[in-house]
Amino acid sequence: MTPAELSRTVLRSVRGAVEERELSVPVPARIVVQPPPRPGCGDYASNVALQLAKPAGRPAREVAEILRKRLAGTAGIDRVEIAGPGFLNFTLGDGALVALVRDVLAQGAAYGDRSAGNGPVADRASADRASADRTSTGHASARQPGTGARAAVVGEALERIGAAAGRTGRAGGPPALVPVPDDLATLTARLGTDEARWILLRPAAHDPVRVPERPVQREGNPRFRVQYAHARTRALVRNAGDLGFTGEPGDVGAPATAGSGAEFRPAPASAHALHTLLATHPSVVEAAARLRAPDRLVRHLEATADAFFRWHDDCPPLPVGEQKPLAVHRARLALAEATGTVLANGLRLLGISAPEHL
């Protein structure tokens, strides 16, 4: 179950409570669910009960209990709990990760991108790179120091992100930006196109751009780390092919003992953290478009890459030594593929390459 699906499920529970007169409130147009602020509070949380408490004329926890009872036992939701003044915390069922991976792989380039049906992936990638090249080398404002260079890159990225979120145009252009000392052509010549775009897109609009002396090709560089994570997912797929197996969504937990008939330990926390980041990718794209803040997508890609490396260390996708490929390896490979899909989709929206090799 994705955040969007969970949001619709909670909305149906509110509508049902209103129709059956358990609550007397206007039904909201949408309900926000998001990862909880700290571990141990489930997979997602919502403050919908607090929002409905005043119009309902009832305590928020009482409203939350009405919704909790309606949501309990819903397919895909393992547990619903009330926390604090009336927050609803949701723990998804064991099949949620499997379903998400299957969904990401099925949608491919369309995951988090409503414009992805507009032509073949290869054609769109070529067009995206051409657009980025025009911005970095040919756009008049890109050649000017100050806000022009940054505005050109941010504006072009917002056009792409807005289209992916189903929003047309740039909603008034890029936000007010702190200027940069160099024009984009100078930055591109010094750093390369990908690094130049990354450093201009990474800071929030009100933050200054920190320009490095030269690009650093190591994991301390966030742009390199994201691209390296994508390249690593592609390498895993190639290496698995050499070993004669492919990805298949399933249980990514580790076998308790050696042997194909072994029971599985639950997926570690790192797998759940990665699951949450993959699931929230579409909502991050939407928020980046709505708030005109491509830095939100940049930070989400960085978090996804970091979560992927932590999970990779906990749950190696490939067999070790003489071990034969098991179902768990196919499941882990599928999760790695899904991660690569999200990273590639996000990088494409930013106009930055997603290398197969690095």
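The model shown is predicted, which means the values in this text are computed figures rather than measured ones.
- Checked against R234 for a side chain to side chain donor-acceptor pair (under 3.5 Å), the options E356, E337, H357 give a single hit: E356.
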Q: Apply side chain to side chain contact (heavy atoms under 4.5 Å, CB included) to the pair H281 and L297, showing each step before the final yes or no.
A: CA-CA 8 Å; H281 172 71; L297 178 56; 4.0 Å; yes
Q: Might you work through the side chain to side chain contact (heavy atoms under 4.5 Å, CB included) test for V285 and L349, ending with a clear yes or no?
A: CA-CA 9 Å; V285 173; L349 293 180; 3.9 Å; yes
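- Nearest heavy-atom pair, A96 versus L92, reported as atom, atom and distance to 0.1 Å: CB-CB, 3.6 Å.
- Checking side-chain atoms of H275 against main-chain N and O of L100 turns up no donor-acceptor pair under 3.5 Å.
- Looking at R150, its side chain does come within 3.5 Å of a backbone N or O of V178 through a donor-acceptor pair.
- A distance of 6.0 Å separates CD1 of I82 from CG of L88, quoted to the nearest 0.5 Å.
- Salt-bridge annotation for R202 and E302: present, with a side-chain N of the basic residue lying under 4.0 Å from a carboxylate O of the acidic one.
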(Q) Using the rule given for side chain to side chain contact (heavy atoms under 4.5 Å, CB included), can you reason through R190 versus D182, listing the C-alpha separation, both sets of side-chain angles and the distance that settles it, and then say yes or no? (A) CA-CA 11 Å; R190 184 200 306 175; D182 300 304; 3.4 Å; yes
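- Annotation: the span from C41 atom SG to E81 atom CD amounts to 9.0 Å, rounded to 0.5 Å.
- H300 places a side-chain N or O within donor-acceptor distance of the main-chain N or O of L277, the cut-off being under 3.5 Å.
- Between the side chain of R61 and the main chain of G84, a donor-acceptor pair closer than 3.5 Å is present.
- Of the inter-residue distances, the one linking D103 atom CG with T341 atom OG1 reads 11.0 Å to the nearest 0.5 angstrom.
- Listed here is the closest heavy atom pair of T304 and L274: O-CD1, 4.0 Å.
- The closest donor-acceptor contact from the side chain of T188 to the backbone of A185 lies at 3.5 Å or more, if one exists at all.
- Remark: the Q227 side chain and the S353 side chain contain an N/O donor-acceptor pair separated by less than 3.5 Å.
- V32 is not connected to V27 by any chain of hydrophobic side-chain contacts under 4.5 Å among Ile, Leu, Val, Met, Phe, Trp and Tyr, and they are in different clusters.
- Enclosure of atom OH in Y228 is not indicated, since only 12 or fewer non-hydrogen atoms of other residues, nucleotides or ligands lie within 6.0 angstrom.
- Residues L11 and P28 meet the side-chain proximity criterion, which asks for heavy atoms closer than 4.5 Å.
- Residue L67 holds its CG atom at 7.0 Å from CG of L52, rounded to the nearest 0.5 Å.
- Residues F224 and L358 have side chains in contact (heavy-atom distance under 4.5 Å, counting atoms from C-beta outward).
- Residues F87 and S46 have side chains not in contact (no heavy-atom distance under 4.5 Å, counting atoms from C-beta outward).
- Side chain of R114 to backbone of A165: a donor-acceptor contact under 3.5 angstrom is found.
- The closest donor-acceptor contact from the side chain of D295 to the backbone of A205 lies at 3.5 Å or more, if one exists at all.
- I199 and V298 fall within the same hydrophobic cluster, defined by Ile, Leu, Val, Met, Phe, Trp and Tyr side-chain heavy atoms under 4.5 Å apart, directly or through other members.
- Salt bridge status for R70 with E20: present, with a side-chain N to carboxylate O gap under 4.0 Å.
- Between A229 and L343, the closest heavy-atom pair is CB-CD1, 3.7 Å.
- Salt-bridge formation is detected for the pair E286/R167: a Lys NZ or Arg NE/NH1/NH2 atom is positioned less than 4.0 Å from an Asp or Glu carboxylate oxygen.
- For R214, the CZ atom is loosely surrounded, since the number of other residues' heavy atoms within 6.0 Å does not exceed 12.
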Q: Take V226 and W198 through the side chain to side chain contact (heavy atoms under 4.5 Å, CB included) test and state the conclusion after the steps.
A: CA-CA 11 Å; V226 171; W198 187 273; 3.8 Å; yes
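- V25 and L50 are assigned to two separate hydrophobic clusters, defined by single-linkage of ILVMFWY side chains at heavy-atom distances under 4.5 Å.
- Nearest heavy-atom pair across L236 and A336 is CD1-CB, 3.9 Å.
- L71 places a side-chain heavy atom less than 4.5 Å from the side chain of F90.
- Salt-bridge check for E195 with R197: failed, with every basic side-chain N at 4.0 Å or more from each acidic carboxylate O.
- Counting only distance, with no hydrogens or angles, the side chain of R225 and the backbone of D306 share no donor-acceptor pair below 3.5 Å.
- Atoms OG1 and NE2, on T233 and H312 in that order, are 10.0 Å from each other to the nearest 0.5 Å.
- Checked by atom type and distance alone, the side chain of D207 never pairs as donor or acceptor with a backbone atom of P203 at under 3.5 Å.
- Between W311 and F308, the ring planes lie tilted relative to each other; the angle falls in the 30° to 60° range.
- A 4.5 Å side-chain heavy-atom check between L23 and R58 finds at least one atom pair inside the cut-off.
- Across all non-hydrogen atoms, the minimal contact from G86 to A64 is O-CB, 3.7 Å.
- In summary, the side chains of D43 and T91 do not present any donor paired with an acceptor at a separation below 3.5 Å, with no hydrogens or angles considered.
- Between V252 and R332, the shortest heavy-atom distance links the atoms O-NE, 3.2 Å.
- Within the 4.5 Å cutoff, the side chain of L184 has heavy atoms near those of the V153 side chain.
- At least one donor-acceptor pair closer than 3.5 Å links the side chain of D183 to the backbone N or O of T186.
- Side-chain contact check for P325 versus L333: every heavy-atom pair is 4.5 Å or farther apart.
- Note that the CD atom of E65 and the CD atom of E22 stand 10.5 Å from one another [nearest 0.5 Å].
- Residues Q107 and D113 have side chains that never bring a donor and an acceptor to within less than 3.5 angstrom of each other.
- Placement of L191 and L201 within a single hydrophobic cluster is found when ILVMFWY residues are connected by side-chain heavy-atom separations under 4.5 Å, directly or transitively.
- Side-chain contact check for V154 versus L200: every heavy-atom pair is 4.5 Å or farther apart.
- Cluster annotation: V10 and I77 are assigned to the same hydrophobic cluster (Ile/Leu/Val/Met/Phe/Trp/Tyr, side-chain heavy-atom contacts under 4.5 Å, transitive).
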